[in-house]
Amino acid sequence: LIRALNSPEDGVRRAAGSALRRIEPDFSTLIPVLRKRLRSTNPETRLRGITAIQTIGPAVARGMLPEIIGALEDPDVRVRRTAVWSTTEIVRETKELVPALARRLEDEDVTVRISSAGALGGDCRRSAVAIPALIGAMKDPDPRVRWAAISAMQDCGAVAASAVPALVEALRDSDKAHRQAVLRVLRTIGPEARLATRPLIDLLVDDDEERAGQTLAAIGFDPELAVSAYTDWLQNRGRSKRWIPAYALGGFDSMSEDIS
């Protein structure tokens, strides 16, 4: 099975890695071999080494953190990509990986940047480094990286509160899928995201009205803006969908006197 990890066939390598994970052998003899491969001057040999780690998974990766961190800086982009993929199941277990992954958000290769953002999302609740790094990635020139950075924060909860100003800015993104991803993150942040109240109210008269309303309901809102928002709705959309801002802002009845 260990020899099969070097097969040129991707399916064979994956099957071998899956089998090794199930039988959980003693990898003490394999790890020195993989370390030697990762120190090789031949990029193909280094690639085989990091691919074996990624294929077998956490059982080997946990014992090779220094080598994985080194591979994240490898001059060969294929090695860096595979090194990032090898961290996804263990990033929650170690703080050492997070700074190395954060540095890869500035990698010249877009796939490395996208994958690094996704990996950082797995440790955002524990690491003080992950959220600032993801905020920086939200300014990436490639929209795929920006989307990956936003999506990575969906499981971070209130820990991502420091990202709210950047998320508010991202609500102006011309890509509707990006705006919807931002709304999902704001909902998970909860009341700490109230800085987004005014931009969300603006979206109540845009094409994301229902999700914006749901987000306002999740984070709460500034009561002074409620009447203004509901009035804007009536003026711009009429009364046919008045349930959306009413749901978001606490119900029609509670505001009826002010609106009238």
Side-chain angles (χ1 to χ4, degrees), residues 88 91-92 98-99 101-107 110 112-226 228-230 232-233 236 244-245 247-250:
T88 54
V91 67
R92 290 182 176 89
V98 176
L101 287 167
R103 289 193 294 273
R104 296 278 57 82
L105 290 174
E106 299 181 0
D107 197 280
V110 67
V112 171
R113 301 201 303 275
I114 292 170
S115 301
S116 297
L120 283 169
D123 196 54
C124 58
R125 291 182 181 270
R126 291 193 320 119
S127 173
V129 176
I131 296 299
L134 291 171
I135 291 172
M138 288 174 61
K139 300 176 183 178
D140 194 279
D142 193 297
R144 294 169 295 176
V145 179
R146 298 198 300 272
W147 186 89
I150 294 167
S151 298
M153 286 188 271
Q154 290 183 31
D155 295 324
C156 299
V159 173
S162 61
V164 171
L167 291 166
V168 168
E169 183 66 26
L171 284 172
R172 300 185 178 93
D173 197 297
S174 60
D175 190 310
K176 185 173 181 178
H178 284 203
R179 296 196 303 273
Q180 291 174 353
V182 171
L183 293 175
R184 289 193 293 271
V185 175
L186 290 171
R187 285 199 294 273
T188 66
I189 293 173
E192 296 294 326
R194 288 187 179 183
L195 178 64
T197 297
R198 182 72 252 182
L200 287 170
I201 287 175
D202 292 341
L203 281 183
L204 288 174
V205 290
D206 197 4
D207 60 353
D208 289 323
E209 69 273 6
E210 189 168 347
R211 288 181 175 85
Q214 293 167 353
T215 305
L216 271 170
I219 70 173
F221 55 90
D222 182 345
E224 294 181 3
L225 296 175
S228 172
Y230 200 86
D232 286 348
W233 248 86
N236 288 277
I244 294 175
Y247 166 72
L249 300 170

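Interatomic distance, Met153 CE to Ile189 CD1, rounded to the nearest 0.5 Å: 7.5 Å. Between the CZ atom in Arg113 and the CD atom in Glu106 there is a gap of 9.5 Å [rounded to 0.5 Å]. Taken from CG in Asp140 to CZ in Arg146, the straight-line distance is 7.5 Å, to the nearest 0.5 Å.
With sequence neighbours excluded, no residue forms a salt bridge (charged side-chain N to carboxylate O under 4.0 Å, His left out) with Asp155. Partners of Asp175 by side chain to side chain contact (heavy atoms under 4.5 Å, CB included), not counting sequence neighbours, listed by chain and number: Asp173, Ala177, His178. Taking the side chain to side chain contact (heavy atoms under 4.5 Å, CB included) definition, one finds that Arg103 meets it with Glu73, Pro99, Ala100, sequence neighbours left out. Take Val112 and apply the side chain to side chain contact (heavy atoms under 4.5 Å, CB included) test, not counting sequence neighbours, and it matches Val77, Arg80, Arg81, Val84, Arg104, Asp107, Asp109, Ser116. Ala133 is linked by a side chain to side chain contact (heavy atoms under 4.5 Å, CB included) to Ala102, Leu105, Leu120, counting only residues two or more places apart in sequence or in another chain. Judged as a side chain to side chain donor-acceptor pair (under 3.5 Å), and not counting sequence neighbours, the contacts of Glu169 are Arg172.
Between Leu183 and Arg187 the shortest side-chain heavy-atom distance falls below 4.5 Å. Between Met138 and Leu167 the shortest side-chain heavy-atom distance falls below 4.5 Å.
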task = In sequence, state the C-alpha distance, the side-chain angles, and the governing distance for Ile150 and Arg184, and then conclude on side chain to side chain contact (heavy atoms under 4.5 Å, CB included).
result = CA-CA 9 Å; Ile150 294 167; Arg184 289 193 293 271; over 6 Å; no
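Note on residues 131-195: pairs passing disulfide (SG to SG under 2.5 Å), not counting sequence neighbours, are Cys124-Cys156.
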